[in-house]
Each structure stands twice: as structure tokens, then as C-alpha cells.
Amino acid sequence: MISLQHVSKRFGSDGAPAVADLSMEIEEGETVVLVGPSGCGKTTTMKMINRLIEPTSGSIVVNGTDVLRQDPVQLRRGIGYVIQSIGLLPHRTIAENMATVPRLVGWDDARIHKRVEELTAILELDQELLHRYPGELSGGQRQRVGVARALAVDPPVMLMDEPFGAVDPIVRGRLQEQFLDIQERLKKTVVFVTHDIDEAIKIADRIAILNKGGVIEQYAPPEEILRDPANDFVERFVGSERGLKRLALIKVSEIEVEEGPVVGPSASVEEAIRTIEKHDLGWASVVEDGELLGWVDGAVLEGRREVGEATPRRFSAYVTADSSLRQALDSIVTSRTQVAVVVSEGQRYLGILTLERISREIVS
Amino acid sequence: MNQPVIGAILDWDWVGRQLDTIGVQLVEHVQLTAIAVGVGFVISFPLAVFAYRHKRFYAPITWVTGVLYTIPSLALFILLIPYTGLSTATAEIGLVSYTLLILIRNIVAGLRAVPADVKEAAEGMGYTRRQILWSVELPLALPVIMAGVRIATVTTIGLVTVTALIGKGGLGFFILRGLRDFFPTASIVGAVLSVALAVVADGLLLLVQRFLTPWARAVKVRAFA
Amino acid sequence: MDFALDTFRWLTDPTNHSGPNGIPVRLWEHVQVSFLALFLATLLALPIGLLIGHTGRGEFFAVSVANIGRALPSFGILGIVFPLTLGVLPGFGYYPTLIALFLLAIPPILTNAYVGVQNVDRETVEAARGMGMSGRQVLAKLEVPLAAPLIVAGLRTSAVAVVATATLGAVAAGPGLGRFIIDGFVTRNLAKAAGGAVLVAVLAILTELAFGLLERSLTPRTSSQGRRRTPRAGGIATPETA
């Protein structure tokens with residue numbers, strides 16, 4: 001979808017290049033995050049795609065067309081653009097702001113009106129805001145309007161320059177979730193610039209880690225960057241807690257779980273006690289036709305013949321197949337028994353996860 | 001408060017007899033002002049936009065208009081007389097030249113104050129340079145530009161009175177008459193009406209500005225809410 | 001061209017360089033009445049402006065003075081003062097001119113002093129108070145030095161306006177270079193009128209330049225931009241202040 005080949009940018013006639021001989025491919029529908037310390041040329045790289053900055057040399061192809069051969073104004077109208085300070089036009093209402101690019105490309109009023117309604121729904125914006133001016137909105141609201149405005153003509157490519165950088169952490173988290181939600185549905189090709197590695201890990205399909213002078217140190221999916229940093233720079237940039245961060249990216253369904261101590265309601269108490277002792281956890285899950293009913297231990301079973309005679313106790317916390325390993329780890333360390341019980345939808349029992357199993361994942 | 005003194009200063013009967021002349025001079029005053037500010041704006045606007053886009057021209061442009069602004073009005077009128085005579089043209093050339101510095105400085109200041117992020121976003125969305133100027137920069141600069149127009153208008157209204165010395169003058173006609181005939185009533189009528197005209201013009205322009213910039217009011221309301 | 005040449009001849013004619021009606025005498029009169037008016041106006045307006053800025057009380061008064069000052073035509077002030085003072089004060093045109101110039105000079109000085117002090121960073125002031133400076137010390141050691149460029153800018157505006165308006169004083173038989181203009185005008189000696197006009201214009205520009213230099217020398221240097229410019233005559237109004 002987007003292809004940068006040997007792209008360089010030098011500001012002024014001398015001095016070090018801001019971006020030197022950078023090549024990268026971005027696939028359609030993928031979210032690529034450019035991340036790196038300040039001065040690494042990540043914003044410069046992004047702005048060369050819509051020619052807000054002209055490359056000194058190299059070629060940039062978007063959707064099969066060389067951007068350097070296109071009229072920059074036309075090019076920009078076809079690429080969504082969101083910046084940190086948003087830059088809403090303060091003298092236009094929210095609805096007018098969203099209609100900016102549709103008007104530039106000459107849509108009629110009816111079509112614009114319909115599109116504004118759609119965008120309002122997509123971004124879950126309050127209808128009432130449409131006739132206000134940007135100065136009357138909160139930072140989070142403005143940011144969502146900024147995204148809505150960039151989506152207005154449904155451009156296949158979106159460029160986002162630290163779009164959530166100016167809001168507080170709680171709002172930022174919510175905006176990131178919403179971004180993931182919308183991206184899931186709209187499947188845009190997104191180039192996203194941030195200096196926040198955690199944000200990159202959270203939203204990226206692939207991360208390009210840039211070093212001074214626009215050198216790509218590693219370009220890989222987040223999980224791979226965390227598991228296998230290409231060099232010292234990446235390792236230092238990713239920072240401590242690398243293992244923990246990676247756990248957040250792996251779903252429980254992606255690894256094998258252990259079967260754990262399981263008994264059926266029809267099992268005898270002797271059988272149940274044997275199972276409990278074998279696993280040395282002090283309890284066993286009660287599963288009937290694949291459905292998890294709860295757990296039993298020796299005390300509950302005392303004086304009974306069959307497991308089914310006792311009322312199984314409920315687990316206070318489960319982990320689902322969709323949970324991340326990080327959530328599983330949290331469940332393990334906070335549970336009394338140092339084990340996380342994994343279920344799928346409809347309380348289907350899948351197995352258990354132990355600290356040992358997860359640490360094996362971190363090491364691998 | 002001191003009725004006898006006021007009575008001695010202001011000859012109300014005279015004022016009553018002069019109502020027609022006052023009307024005529026008032027109209028002339030408004031005309032001279034409107035033409036001066038209008039022409040001044042037409043000259044200032046392209047110069048200011050040019051100086052805004054090409055920074056190195058700002059200093060020379062304001063230097064030249066600054067010199068014009070500094071030359072005393074009477075001196076400027078006198079120096080024009082050999083060329084344009086005792087005419088409206090002489091008056092207007094002088095008056096216009098005083099509006100230039102005020103207008104150019106304010107237009108440039110207004111344009112410079114447009115937030116960089118708004119310009120960047122507009123460029124990123126595919127506005128052309130001309131579109132950015134006309135539908136982003138100028139609307140946002142409007143409050144400062146209008147402030148400049150207001151100052152220029154109020155200043156010009158005051159300066160028009162001086163053109164009485166070259167046979168024009170609007171309400172300055174009465175001021176000159178008061179001076180020449182040692183007749184305070186005429187001077188006071190001229191000065192007071194001139195001030196009143198300035199206040200009214202300033203207020204009207206402020207209303208125009210409010211009408212043209214509804215977003216500024218919205219933000220302000222929020223700020224005080 | 002003839003006109004310009006005649007004007008040059010008049011300016012360089014030695015007979016115009018001496019005697020009670022010579023250029024030096026008129027120039028001195030002009031400078032003297034302008035300086036005195038500016039001095040007296042400063043004496044009155046500066047302390048009031050500083051006090052309003054320092055205490056934050058009387059702001060409405062300061063803003064009103066500024067607005068009236070801008071709207072009041074200088075010619076109008078002269079027109080009112082002259083007939084009213086005639087016979088009350090000695091001399092013919094000198095005192096009316098002085099009083100008119102004095103009144104004219106007040107608003108810019110007062111307003112700039114007030115705005116200059118008011119613009120001083122409130123946190124800096126608070127820090128100074130926190131260190132134990134008295135109100136008087138804050139004003140003298142902090143507010144006045146920091147407001148100095150704006151105060152001088154106000155003086156500059158007033159001085160240029162006073163020098164220009166002193167010319168008009170001649171209409172009311174006042175002193176100064178305006179005499180050449182009015183007398184030349186009345187006697188149809190355009191070279192003389194224009195000569196006077198040139199002298200007045202040069203004097204006004206020199207006044208502007210002199211105060212401009214003073215203002216620059218008082219403006220603190222900021223690392224990136226060299227010297228910061230401060231507003232001056234015909235200055236930039238923000239929508240809030242205008």
C-alpha cells in the first residue's frame with residue numbers, strides 16, 4: 001500500500017540528514033507505528049508521505065502512485081491526517097470541521113450531511129456538539145473530532161502524528177481502545193507516529209523503531225520486538241519489563257494450557273482425592289460435559305461418596321481464552337493457589353495456567 | 001455644575017442656528033474618514049499579506065509607513081499643496097498615509113497570530129495556499145485586523161479636523177472657526193462632535209467585528225462560564 | 001521641481017538663520033514648548049499610571065483615559081483650550097499651546113505605564129513579595145525596570161504627537177516651527193511654508209528615532225530574537241485591549 005524506497009531528507013544544504021536512505025513497506029489495512037526518541041526523523045518520515053515535507057531523494061509510492069509525481073494538494077485530500085494539537089479550524093463549527101475535506105473535493109450538501117451523521121456515530125460523538133465551536137469542547141472530544149475529520153472522505157490511508165499525545169492518560173487509554181475498535185471495522189492503512197513505546201505496542205500491527213538520522217533499527221510486529229530485540233538500542237528503547245509487555249500481547253488461546261486436576265460429578269470421592277493429591281494443589285475442578293461447575297477440596301468432600309453430592313465452590317476469578325498472558329499472570333499471583341483457571345465462552349473448561357508455564361513463555 | 005460659566009462658554013443659540021451647517025460638516029467628516037480608511041485598507045491589505053509571506057520585507061514596509069506616520073499632518077498637507085492644491089485629494093493622501101502603518105501592523109500581527117497547528121492541519125488536509133489564506137488565516141486574523149481598522153478609523157476622525165486648515169475639515173471647520181474668532185462654542189461643538197463620532201464609529205465597527213467572528217464569542221462565553 | 005528648489009533655497013538662505021524670526025529661534029521655541037509639555041505630563045501621568053498598575057485599582061480610569069485620548073483630536077484640544085485661556089494667562093499663544101500639548105501627552109504615558117506594570121509576570125511579583133520585598137520595593141526594583149521599555153514607548157508616542165501638534169499651535173498664534181508654515185501659507189510664500197514643514201517633519205522623525213534608541217537600550221535582550229520590539233505609536237491592538 002505504501003512503499004518508501006531509499007528515502008532521504010536533509011534540511012538545509014549541509015548538516016546531518018534527518019532521514020537517511022530509509023526503505024520500508026506498509027501493507028494494506030495494517031497499522032504501522034513509527035516510534036523512536038526525539039530527533040529520530042519519525043515525524044519527518046510521516047510528513048514525506050503526504051509531502052508536507054519534500055524528500056531530498058528516494059521514492060514514495062502510495063497505492064501504486066508515486067507521490068512525487070502527484071499534485072501535493074490533491075494527494076493530501078486523499079490521505080487522512082491527524083496531528084497532536086489537532087488543529088481544528090476554530091472559526092468553524094464541529095460539523096463544518098468534519099465537512100472540511102468533503103467540501104474541498106466538492107461533495108454536495110446532502111452527501112456531506114449524511115457523512116457527518118455517520119462520522120458522529122462512528123466516533124460516538126454527541127449530536128449536540130455538532131453546532132458548537134472547537135473552543136467549547138474538551139481535549140478528548142476535540143481529539144475524536146480530529147479523527148472524524150480525517151476519516152471524512154473515507155481515505156484508504158491515515159497519517160497520525162502523536163494523535164493522543166495531548167490528553168491525559170485515562171482519556172488516552174480510552175481513545176486508544178476506540179481507535180482499535182474503529183480500525184478493526186474500517187481496516188485503514190495507518191501510519192502512526194508516537195514516542196510512547198507502550199502506545200505502539202498496544203495499537204501496532206508492526207512497529208518501526210527509528211534511531212537518530214531516520215535509521216530503522218527494527219521493523220517487526222510488537223511481539224517479535226519484545227521477544228527478540230534486534231540490538232542493544234531496541235532493547236534499551238523498549239525498556240525494562242520487556243517480558244511483561246510481551247505477555248500483554250500473547251493471548252491465552254495461543255499457548256497450550258495444562259489439563260490440571262479435573263473430576264466429574266459422578267467420580268467417587270476416593271478418585272477425587274487421588275486426583276487432588278496427584279496435582280498437589282489441594283483442590284480439583286469439577287467439570288460436567290465440558291462445563292466448569294466449580295472446585296472441591298478434601299474438606300468439602302468429607303463424609304460423601306460421590307463428588308456430585310457436594311456443592312462445588314465457585315472460582316473467584318477466571319481467565320478466558322481471549323485474555324492476555326499478562327492478565328493470566330495477574331490472576332495467578334493474586335490467587336491463593338498460584339494457578340489461573342482458563343475457560344472459554346459458556347464456562348467451557350480449558351485447563352489451568354501456572355507461573356511456571358508463563359515463565360517458560362517469557363524465556364522462549 | 002457651574003451653570004454661569006458653562007453658559008458663558010457655550011452659546012446655545014448659536015448652536016441652534018448652526019444645525020444645518022453641522023449636518024453638512026458631519027457628512028463631510030464621515031466621507032473623508034470612510035474614503036481614507038477604505039483606500040488605506042485597499043493599499044495596506046496586499047502590502048501586509050506580502051510582508052507576512054516574505055518576512056524580510058516587513059521591516060522596510062513598516063519603516064516607510066512609519067516615517068509617513070511620524071510626519072506631522074499639517075507639514076504633510078503643506079508639502080502636498082504644490083502638487084494637488086487645496087483639494088480633497090490633498091486631504092485624502094495625507095489621511096490615507098496615516099492609516100497605512102496602523103493597518104499593516106495589525107493585519108500582519110493578526111496573520112502571525114494564527115496558530116501554527118491550524119495551518120499545518122489545513123495544509124495536511126489539502127488546502128491550497130490561497131485557500132489557507134482566505135478561509136483559514138484571514139478569518140482567524142479578523143479580530144486583530146478589525147482592531148486595527150477601529151484604531152485607524154478613530155485616529156483618522158481626529159486627523160480630519162486638521163484638514164480644516166486646507167479648506168476641508170468636516171467638523172474641524174468649527175474648531176478652526178473657534179480659534180480664529182476666539183469663539184469657544186464653535187471649537188467645543190467641533191471637538192465634542194468629533195469625539196462622539198469616533199465613539200460611535202468605534203462601537204459600530206465593534207458590532208461588525210462581533211457579527212463576523214461568532215466563534216470568538218462562543219469561546220469567551222465558555223471562558224467566563 | 002521648482003517648488004523643491006525654492007524650498008531648498010529658503011532653508012539654506014542665511015537670512016532665515018538669524019534674528020527673532022530665524023530658524024534657530026523657532027526651532028528652540030518648538031523644542032522648548034514640546035519638552036516642557038512632555039515633562040509636565042510625565043510628572044503627572046507616570047506616577048498615576050504606575051500606581052494603577054501596581055495596585056490594580058482604577059483600571060477603568062486608565063482605560064477610559066486611553067480611549068478618550070485616542071478619540072480626542074489634538075486640533076480639537078487646541079481649539080478648546082485657546083479661546084478658554086485667552087486673557088486668563090499671559091502671552092498670546094504660548095500657554096494655550098503648552099496646555100493643549102500637556103493634555104495631549106497624558107494618555108499614552110499613563111496607559112503605557114499602567115499596562116507595562118500590569119504586564120509584569122505576577123509570579124515574579126509574588127516571588128519578590130515572598131522574599132520579603134515591600135510594595136514600594138517591588139515597584140522600584142521589579143515593576144518599573146521591567147516596564148521601562150513600555151514606559152519609554154509611551155513617552156515616545158507622546159513626544160511625537162506633541163512635536164507634531166506644537167506645529168498646530170501656530171494657528172493659535174503659538175510658538176515654534178508652525179509659524180513658518182502658517183505665515184508662509186497666509187502670505188502665499190509656499191517655499192517658506194514647505195521649509196517649515198520639512199523642518200517639522202525632520203524634528204518629528206528625529207524625536208521618534210531618539211526615543212526608539214532609548215527604548216532599545218532599555219529592552220532586555222532575549223537569547224533567540226535579539227531585542228524584543230515593544231508597541232509604539234500606531235501600535236498593535238489585541239482585540240481585548242482595543
Side-chain angles (χ1 to χ4, degrees), chain A residues 43 46-47 49-53 70-94 96-106 129 131-138 142 145-146 149-153 155 158-163 165-166, chain B residues 45 49 52-53 55-56 106-107 109-149 205-225:
Chain A
T43 299
M46 195 198 75
K47 285 185 178 175
I49 296 173
N50 67 354
R51 286 181 65 185
L52 280 176
I53 294 176
Q70 248 180 305
D71 172 40
V73 167
Q74 293 299 330
L75 170 78
R76 289 171 199 149
R77 290 177 185 175
I79 296 178
Y81 186 55
V82 186
I83 56 176
Q84 176 176 351
S85 46
I86 325 169
L88 293 179
L89 305 176
H91 58 307
R92 306 255 179 97
T93 62
I94 299 308
E96 286 166 350
N97 262 287
M98 289 194 210
T100 305
V101 183
R103 284 224 188 280
L104 284 176
V105 298
L129 297 182
H131 303 292
R132 300 240 186 110
Y133 288 102
E136 302 172 276
L137 270 59
S138 72
R142 272 199 290 246
V145 173
R149 182 174 69 167
L151 285 169
V153 291
M158 297 272 285
L159 306 179
M160 306 180 85
D161 188 2
E162 305 221 14
Chain B
F45 184 78
V49 170
Y52 166 64
R53 286 197 169 158
K55 278 203 174 71
R56 67 210 147 99
N106 277 279
I107 296 169
L111 290 171
R112 281 186 184 164
V114 175
D117 61 323
V118 174
K119 284 185 277 188
E120 196 204 318
E123 198 185 356
M125 286 188 296
Y127 273 80
T128 61
R129 245 169 86 105
R130 178 176 299 184
Q131 283 171 328
I132 290 177
L133 178 66
W134 286 97
S135 52
V136 178
E137 292 176 314
L138 285 172
L140 292 180
L142 206 57
V144 183
I145 295 176
M146 281 301 291
V149 171
L205 287 169
L206 184 62
L207 284 180
V208 171
Q209 178 186 334
R210 292 254 166 90
F211 175 75
L212 290 176
T213 59
W215 67 90
R217 193 173 37 207
V219 175
K220 224 166 238 170
V221 167
R222 186 186 158 79
F224 286 108

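By convention in this document, chain letters (A, B, ...) are assigned in the order of the sequence lines, proteins followed by strands, and residues within each chain are numbered from 1.
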Options V101(A), L104(A), N50(A), ranked by heavy-atom pairs under 4.5 Å with chain B, top entry:
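Of the candidates given, the most pairs with chain B belong to L104(A).
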
Relative to chain B, which of R92(A), Q74(A), Q84(A) shows the most heavy atom pairs under 4.5 Å?
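The candidate making the most pairs under 4.5 Å is R92(A).
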
Kindly give the heavy-atom pair with the smallest separation between [X] and [Y], and that separation in Å.
X       : Y       : answer
Y133(A) : P214(B) : OH-CG, 3.5 Å
L88(A)  : V118(B) : O-CG2, 3.6 Å
L140(B) : P90(A)  : CD2-CG, 3.5 Å
A121(B) : I86(A)  : CB-O, 3.7 Å

Point-to-point distance, once rounded to the nearest 0.5 Å, from [atom1] of [X] to [atom2] of [Y]:
X       : Y       : atom1 : atom2 : result
Q131(B) : R103(A) : CD    : CZ    : 13.0 Å
M125(B) : R76(A)  : CE    : CZ    : 11.5 Å
T100(A) : Y127(B) : OG1   : OH    : 4.5 Å
D161(A) : D117(B) : CG    : CG    : 11.5 Å

R149(A) portion near chain B, given a 4.5 angstrom heavy-atom threshold:
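For R149(A), the contact with chain B is made by the side chain alone.
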
Top residue by heavy-atom pair count (under 4.5 Å) with chain A, among P139(B), S135(B), G124(B), A116(B)?
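Max contact count across the listed options: G124(B).
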
Please check if atom CZ in R112(B) has more than 12 non-hydrogen atoms from other residues, nucleotides or ligands closer than 6.0 Å.
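Yes.
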
Would you say E123(B) and Y81(A) are linked by a side-chain donor-acceptor pair, where the criterion is simply a distance under 3.5 Å?
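Side chains of Y81(A) and E123(B): no pair found under 3.5 Å.
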
Should H91(A) and L142(B) be marked as a side-chain contact (heavy atoms from CB on, under 4.5 Å) after you check the CA-CA gap, both sets of side-chain angles, and the distance that decides it?
CA-CA 10 Å; H91(A) 58 307; L142(B) 206 57; over 6 Å; no

